[in-house]
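Worksheet: the structure to be examined is printed underneath.
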Amino acid sequence: MAERFYLTTAIDYPNSRPHIGTAFEKIGADVQARYRRMEGYDVFFLMGNDENTVKVARKAAELGRPPKDYCDDMARQFQEVWKALDISYDDFIQTSEPRHHAGCRRFIQKVYDNGHIYKGHYEGWYCEGCEEFKTETQIKEAGGVCPAHQTPPLRRREPCYFFALSKFQDQLLEFYQQHPEFMQPESRANEVLALVQSGLQDVNITRSGQDWGIRVPFDEAYTIYVWFDALLNYVTAIGYGSDEERFRTWWPADIHFIGKDITRFHCALWPAMLFAAGLEPPRTVFAHGFVYLKGDSGELQKMSKTLGNIVEPMDIITKFSGEAFRYYFLRECPFPGDGEFSWHRFAEVYNADLANNLGNLYSRVITLITKNYHGHLHETAGQQPGVIFTEVDTERTVEQVEEHIEKCQYNQALERIWRQVLDPANRYADQKAPWNLVKTDPEAAKHVLYDLAEQLRAVAILLKPFLPRTAETIYRSFNFPQPWEEVRFEDVWVHPRPVEDLRVVAPLEGGKVKPLFPRIT
RNA sequence: CCCGGGGUGGAGCAGUGGUAGCUCGCCAGGCUCAUAACCUGGAGGUCGCAGGUUCAAAUCCUGCCCCCGGAACCA
């Protein structure tokens, strides 16, 4: 059996539709998933929605709908967006599903039986309007009132169950030390380390008086409170509590992709929970950065409902394409760090990289072969690729791209492809000028075009995890020997010998191909 | 106050000891196969500030200034 690779994204609150920031995370995870599949791993890619929250129940009530109905509808809307972006998830878990409930109850019971859960009292600031506790800082920042209602909160004390997180401080610190690769990128690790070293508080993991949510098996009057419930989706989706064998094949997860804001829950609370249940922690937690909006005057803003500046993925996808969307965020926003979005910048990047560089190379190569050789380069079967490949160290380039992908430095991987594969190809076309050469030495011109097509083959393979549709279109425009589905990075420089002459098989209209990315004017 | 990230030509970034690099934009040429695309050349930076270490610093050390983020349930 092939080596397995289990990766997840954070589950999202279905209070509102996904915005470009949420999509950023899914795209980054998708590149990883596609890359691993290409390289022969047995991949399981999980996504989902986090539905067992008071806010969801309340929102559904506002709309006069049963919560489950509301959640299912939102889950459908989310997946519509993910499909439009070609996110290749294998499973989509909703935490309101029975499989999650069952697994959750099983897990919390186990932790309880192991003696890591105890009953106590939670005391804090409670807002009657919100029907929930507010944190000390939330109240403080709002000037002693509830930030949402502007009313003074009540001091309230209620019984609840605590998870003994504080007991795991030493075990966590030891684990971090033994697994320096656990928290990525490194800068995030320091933050968590400081937190854990400063001492951990036990966390309240239950709520009382809620109908919506998962019942605590050892005390049915309570429901399980958000984080304890939410994090468990990573194990319940692969069979924890329902299919032990399946669970054991996939766990531990290879990467959890999350937003940098929830690092502590994934790097401290989550492994502690797993320790408490006698399970292994995940191998890596990767915290990506945020996408900020850049206004016309150049100011950065966080997207928020109150500011009314949410950009939805569909706004961009319907105007341009899912591929263009993927490219922009993968190329412009460093995955480990923060990035910016503006329509102006989007158009710039789209035209420069996609239309002018990649798209135009594709068009000119195809037209040259079509016009001068009727789309068929005779006697090229079994040929070695030529000059470009001796000028550029393709093997090294592929290695570098792989390295960058494995470190989730997607922007750098793409830059490498553009600078080391596409640019040389455009330069080569200019230097050899096959449109002139064909008049004096058609044999030589043919070889030049063969080389250029070969370079497009390389580009298609390297882009496969990033722009799956574009890559496939490019690849299938020629009769390259290997089936597209089986192509892997290594094939870029291994150069499988074609058994047939190279031919253009792209659909043409009046001798021209459809532009991959029409320029934005 | 504390912690983390960052300050490099107009914009966005790479660059952790050895003549400052890339993309976009701008200017001038070339080419005409191609989506007015492509190629070549050019202008433009005392690498936040001040000290220090060194034969040599954007790169190491010290101090300071500025921006962003964080401090328990927010992708």
Indicate the ring-plane relationship of [X] and [Y], choosing parallel, tilted or perpendicular according to the 30° and 60° boundaries.
| X | Y | value |
| --- | --- | --- |
| A:H266 | A:W227 | perpendicular |
| A:F517 | A:Y350 | perpendicular |
| A:W343 | A:F320 | tilted |

Crowding at CZ, A:R476 (>12 non-hydrogen neighbours, <6.0 Å):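 Correct, the count exceeds 12.
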
Atom CD of A:E181: over 12 foreign heavy atoms under 6.0 Å: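 Correct, the count exceeds 12.
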
Please classify the nucleic acid contact of [X] as base, sugar-phosphate, or nothing, using heavy-atom distances under 4.0 Å.
| X | result |
| --- | --- |
| A:T367 | sugar-phosphate |
| A:E415 | sugar-phosphate |
| A:L516 | base |
| A:V438 | nothing |
| A:F265 | sugar-phosphate |
| A:Y362 | nothing |

Quickly work out the [X] [atom1] to [N] [atom2] distance and round it to whole Å.
| X | N | atom1 | atom2 | value |
| --- | --- | --- | --- | --- |
| A:I366 | B:rU35 | CD1 | P | 12 Å |
| A:E312 | B:rA75 | CD | C1' | 15 Å |
| A:N357 | B:rA37 | CG | C1' | 10 Å |
| A:L456 | B:rC38 | CG | P | 15 Å |
| A:R345 | B:rC24 | CZ | C1' | 6 Å |
| A:W418 | B:rC13 | CH2 | C1' | 17 Å |
| A:N351 | B:rG25 | CG | C1' | 13 Å |

Aromatic stack A:F24/B:rA75: centroid gap under 5.5 Å, interplanar angle under 30°: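 Whether judged by distance or by angle, A:F24 falls short somewhere, so it does not stack on the base of B:rA75.
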
Residue whose closest nucleotide on RNA chain B lies nearer the 5' end, A:A355 versus A:A352: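 With A:A355 and A:A352 compared, the 5'-side residue is A:A352.
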
Examine [N]: is either OP1 or OP2 under 4.0 Å from a nitrogen or oxygen in the side chain of [X]? Give yes or no.
| X | N | result |
| --- | --- | --- |
| A:R519 | B:rA37 | yes |
| A:K512 | B:rU35 | yes |
| A:K260 | B:rC74 | no |

Taking the [atom1] atom in each of [N] and [M], what is the distance between them to the nearest angstrom?
| N | M | atom1 | answer |
| --- | --- | --- | --- |
| B:rG45 | B:rG21 | P | 14 Å |
| B:rG25 | B:rC66 | C1' | 27 Å |
| B:rC64 | B:rU40 | P | 48 Å |

Aromatic contact, A:F335 with A:F286 (centres under 6.0 Å):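 Yes.
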
Pair A:H404-A:N411, side chain to side chain donor-acceptor pair (under 3.5 Å): steps then yes or no: CA-CA 8 Å; A:H404 283 136; A:N411 59 328; over 6 Å; no

Closest to side chain of A:N360, choosing from B:rA34, B:rA75, B:rU40: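 So the side chain of A:N360 is nearest to B:rA34.
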
From B:rC24, B:rU40, B:rA34, nucleotide with atom closest to A:R364 side chain: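 Ranking B:rC24, B:rU40, B:rA34 by closest atom to the A:R364 side chain puts B:rA34 first.
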
For [N], the Watson-Crick or wobble partner whose two distances fall under 3.5 Å:
| N | result |
| --- | --- |
| B:rC33 | none |
| B:rU54 | none |
| B:rC22 | B:rG12 |
| B:rC2 | B:rG70 |

Base of B:rA37 paired with side chain of A:N356 (donor-acceptor, under 3.5 Å):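 Per atom types, no contact qualifies.
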
